[in-house]
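In the text below, chain A, chain B and the rest are named by the order of the sequence lines, each starting its count at 1.
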Amino acid sequence: MTDNPPTNLYLPDMATIQEVVQETSNIKTFRVTLNNPDRMRDFSFEPGQVGQLSVFGVGESTFVINSSPTRMDYLQFSVMRVGELTERLHKLRAGDQIGVRAPLGNCFPYEEMKGKDIVFVGGGIGMAPLRTLLVYMLDNRADYGNISLLYGARSPADMAFSYELPEWLGREDMVTELTVDNGTPDWKHKVGLIPNVLKEMAPSADNAFAVTCGPPIMIKFTIEALHSLGFKDEQIITTLEKRMKCGVGICGRCNIGTHYVCKDGPVFTNAQLRELPNEL
Amino acid sequence: MLAARYITTDKLVPWLLSLSESRLVLAPIRKGGQTVFQPLEADSELDLDGLATSSPKAALLPRCETLLEFHYSKGEEAPSRTSVEVRETLHDQPTFLFGARPCDVRGFTVFDRVYDAGSKRDIYYCTRRDNTLVASLACTDPAETCFCHRVGGGPGDSTGADLLFTFIGDGYVVEAVTDRGNDFLLSQTLHDAGDRVETALKTREAVKAAMPEGEPLLGAPEQVNKLFDDQPFWEDVSAKCLSCGACSYLCPTCYCFNMTDEMHGNDGVRVRTWDNCMSFQFTLEGSGHNPRAAKAQRMRNRIGHKFNYYPALHDGNLACVGCGRCISHCPVSMDVREIVSKAQTRAMAEEEQIND
């Protein structure tokens with residue numbers, strides 16, 4: 001035991017919802033600030049880190065901080081409505097109070113990625129963790145090579161961050177492709193599964209990193225597509241999602257062998273995943 | 001120099017009761033056919049004959065503990081707006097834990113490496129640990145299910161304790177293990193132990209020597225790891241398991257927990273409760289995906305955690321202390337010793353096949 005009393009790992013910061021953005025029929029984005037101005041001013045995180053959001057009386061759940069450390073006006077979390085806690089979160093409005101325990105976990109290797117070409121492949125709500133890194137890189141554009149984004153969803157109405165897509169599509173310093181499984185008459189972009197569109201885009205694996213996140217089945221075939229394009233496991237980065245409680249590697253819920261996704265993840269390269277026991 | 005004292009059997013309970021005036025004294029007490037660690041009272045039936053039914057881990061990690069309290073109140077100007085106040089609830093009652101067995105106390109050191117790890121210190125656990133003086137009682141009559149000596153411990157092991165009691169016929173030799181145990185003894189009016197310390201040492205050695213031979217299970221980590229993808233092996237060893245969780249709840253080293261909120265009107269609490277990795281719900285994700293949906297996978301993780309993952313992260317120390325409760329209280333007589341021994345035999349056989 002040391003003389004310094006530990007801080008309370010489980011005590012969330014109180015935070016106020018500043019804005020709620022309806023992204024799709026079942027995804028909302030929450031922009032929050034910590035109530036303690038000193039804590040908000042001193043708050044720092046790295047792209048890819050996560051936080052535990054509390055609705056007191058319902059519980060906590062883990063979400064990626066999908067704002068960028070380069071824009072600290074608020075912390076942003078996008079939440080798909082899938083269960084009790086997310087249902088309750090979706091009922092909250094600007095001005096409501098929630099708890100935030102953040103930052104937790106590791107981050108994207110954004111330093112190591114400097115000078116490389118970056119390929120983002122996001123599916124559905126899996127665009128959220130990608131967004132934090134993408135915005136970070138766009139805000140530090142000179143540090144990175146070619147940037148391309150492939151973002152897919154079931155239908156045009158299921159695309160989150162739709163208000164940002166025109167900017168990304170219009171930028172000359174990045175390539176953006178959107179695809180949906182099911183198009184509509186006014187859909188001007190691709191129709192087709194993400195791995196197939198990725199093969200059509202055929203980004204070069206030379207001096208590049210690919211970052212992918214989405215449903216497990218999408219990730220599986222995206223990684224196969226990346227392999228066929230010459231990407232090695234060390235060049236493929238993804239984030240894992242697990243059921244978590246403590247968020248700091250104690251409660252024992254999110255282990256994969258000796259690794260705890262809450263503290264050793266959520267970001268892993270495919271090479272690291274191959275080293276882990278096959279228990280995803 | 002650390003102190004040693006002596007107390008006669010008839011003075012033990014009065015002495016413990018005198019301690020309970022200034023602190024919570026937890027001791028193994030017979031109640032309803034079970035022996036469990038409870039606050040000692042004047043009419044308590046102290047049971048020091050063998051291993052308590054449940055381990056004393058609840059002294060440091062309660063079965064159910066409030067972490068936070070919160071209160072919602074309506075806004076004065078806009079009643080539809082509620083505000084919430086949250087406060088932590090720390091528990092710092094001075095506690096004297098008496099009669100824990102060496103295996104159980106060694107279990108606390110398994111917790112220490114997780115709950116008191118560098119910058120990530122669990123304030124609830126650490127506060128309790130700091131406020132709890134642990135007095136362990138050396139075993140003099142190990143059960144058939146005991147195997148502490150095969151996992152790095154022993155019937156007279158003092159690891160994790162502040163005081164070690166050894167029964168020597170008409171009383172107990174009490175040896176200080178830590179400075180705070182030492183201070184505690186010096187402040188009490190106990191007899192001088194004299195040459196009884198030597199008797200206590202010989203008693204402990206004799207008990208250890210009398211324990212049945214058995215292959216050490218310390219070499220298991222690597223061997224368990226080799227069998228990770230051997231699904232038939234895990235299906236075989238988990239076939240009769242009921243996933244009831246008795247093993248986890250009784251285990252002195254199982255520390256996994258759940259956190260849930262409860263509301264009563266405008267007031268609520270966030271509680272931490274023991275959890276059980278043999279439960280289907282343990283890893284069930286919001287999406288419906290479950291990384292360990294099958295019982296065999298959950299058993300693999302349970303054995304893996306104790307004999308492979310934990311040792312890999314904590315200098316080879318196993319997350320099993322050999323108390324044997326998971327064997328003696330299993331409703332279908334699962335035996336962790338058999339599972340690990342089978343794993344060792346199987347892995348070695350496979351290795352020999354490869355070498356041939």
Side-chain angles (χ1 to χ4, degrees), chain A residues 1-2 4-14 16 35 52 54-62 80-86 88 93 95-99 125 215-216 240-261 263 276-280, chain B residues 67-68 70-72 81-88 90 112 114-117 119-127 129-130 225 228-229 254-263 268 270 272 275 277 281-292 297 300-301 304-305 308-310 312-313:
Chain A
M1 301 282 155
T2 60
N4 295 328
T7 53
N8 192 332
L9 301 171
Y10 309 108
L11 181 65
D13 279 299
M14 294 306 294
T16 302
N35 291 358
Q52 289 275 9
S54 276
V55 180
F56 296 100
V58 185
E60 274 189 319
S61 223
T62 319
M80 181 186 274
R81 199 178 64 236
V82 289
E84 192 184 0
L85 184 110
T86 53
R88 291 290 287 270
R93 301 169 296 165
D96 285 339
Q97 304 289 299
I98 59 170
I125 189 69
L240 294 185
E241 199 179 339
K242 288 278 155 199
R243 189 169 173 81
M244 299 174 190
K245 286 287 174 177
C246 73
V248 290
I250 299 178
C251 81
R253 195 171 290 267
C254 67
N255 81 302
I256 304 172
T258 57
H259 287 67
Y260 290 85
V261 174
K263 70 180 179 73
L276 293 180
N278 181 22
E279 203 174 45
L280 300 181
Chain B
L67 302 180
L68 307 172
F70 33 86
H71 174 73
Y72 279 95
R81 283 267 171 240
T82 53
S83 62
V84 57
E85 287 169 48
V86 179
R87 69 179 193 91
E88 61 185 7
L90 291 175
D112 290 344
V114 176
Y115 281 77
D116 188 13
S119 61
K120 299 287 187 204
R121 300 183 71 218
D122 183 297
I123 195 171
Y124 298 92
Y125 176 85
C126 290
T127 304
R129 186 76 160 122
D130 279 342
N225 199 29
F228 189 89
D229 291 320
C254 274
Y255 58 78
C256 292
F257 64 78
N258 196 1
M259 283 158 68
T260 45
D261 285 8
E262 294 172 7
M263 284 300 287
R270 178 160 295 168
R272 155 155 84 186
D275 211 341
C277 66
Q281 279 84 7
F282 189 72
T283 49
L284 180 62
E285 295 170 14
S287 64
H289 172 62
N290 195 338
R292 294 196 275 271
Q297 295 169 324
R300 177 179 67 188
N301 186 66
H305 186 194
N308 181 359
Y309 311 149
Y310 184 96
L313 292 171

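Put simply, CG on A:L11 and CZ on B:R87 are 11.5 Å apart, with the number rounded to the nearest 0.5 Å. Considering CZ of A:R243 and CG of B:L284, their distance stands at 6.5 Å, rounded to 0.5 Å. Atom-to-atom distance recorded for B:I123:CD1 and A:T7:OG1 is 7.0 Å, nearest 0.5 angstrom.
B:Y310 meets the ring pair (Phe, Tyr, Trp, His ring centres under 6.0 Å) test with B:H314; sequence neighbours excluded.
In terms of heavy-atom proximity, B:F228 sits nearest to A:P277 at CZ-CB, 3.2 Å. The shortest heavy-atom contact between B:V114 and A:G249 is CG1-O, 4.3 Å. Closest of all the heavy-atom pairs between B:N301 and A:N255 is OD1-ND2, 3.1 Å.
Looking at B:R270 and A:E60, their side chains come closer than 4.5 Å, going by heavy atoms from C-beta outward. Side-chain atoms of A:K242 and B:T283, non-hydrogen and from C-beta on, never get closer than 4.5 Å to each other. When side chains are defined from C-beta on, B:R300 counts as touching A:E279, because their heavy atoms get closer than 4.5 Å. In this structure, A:S54 and B:D261 have side chains that are not in contact, with every pair of non-hydrogen atoms separated by 4.5 Å or more.
The residue among A:V82, A:I250, A:L85, A:T86 with the most heavy atom pairs within less than 4.5 Å of chain B is A:I250. Contact count against chain A (heavy-atom pairs under 4.5 Å) is highest for B:C256 among B:G288, B:G268, B:C256, B:G304. Contacts with chain B were tallied for A:G257, A:G83, A:P216; A:G257 has the most, counting heavy-atom pairs under 4.5 Å. Of the residues considered (B:T82, B:L67, B:V86), B:V86 shows the highest number of contacts with chain A, using heavy-atom pairs under 4.5 Å. Among the candidates B:E88, B:E262, B:E85, B:H305, the residue making the largest number of heavy-atom pairs closer than 4.5 Å to chain A is B:E88.
For a residue to count as touching a neighbouring chain, one of its non-hydrogen atoms must lie under 4.5 Å from one of that chain's; by this rule A:E241 touches chain B with the backbone only. Interface remark: B:N290 contributes no atoms to any contact with chain A (heavy atom separation under 4.5 Å). Proximity to chain B (any heavy atom under 4.5 Å) is shown, for A:C246, by both the backbone and the side chain.
Put simply, the side chain of A:R253 gets close to the backbone of B:F282: a donor and an acceptor are under 3.5 Å apart. Put simply, the side chain of B:Y255 never gets that close to the backbone of A:G252: no donor and acceptor are under 3.5 Å apart.
In this pair, A:Y10 and B:F257 present their aromatic rings perpendicular. The plane angle is above 60°, beyond the 30 to 60° band.
Defined by atom type and a distance below 3.5 Å, a donor-acceptor pair is missing between the side-chain atoms of A:N278 and B:D229.
More than 12 heavy atoms of other residues, nucleotides or ligands shown are found within 6.0 angstrom of CD on A:Q52.
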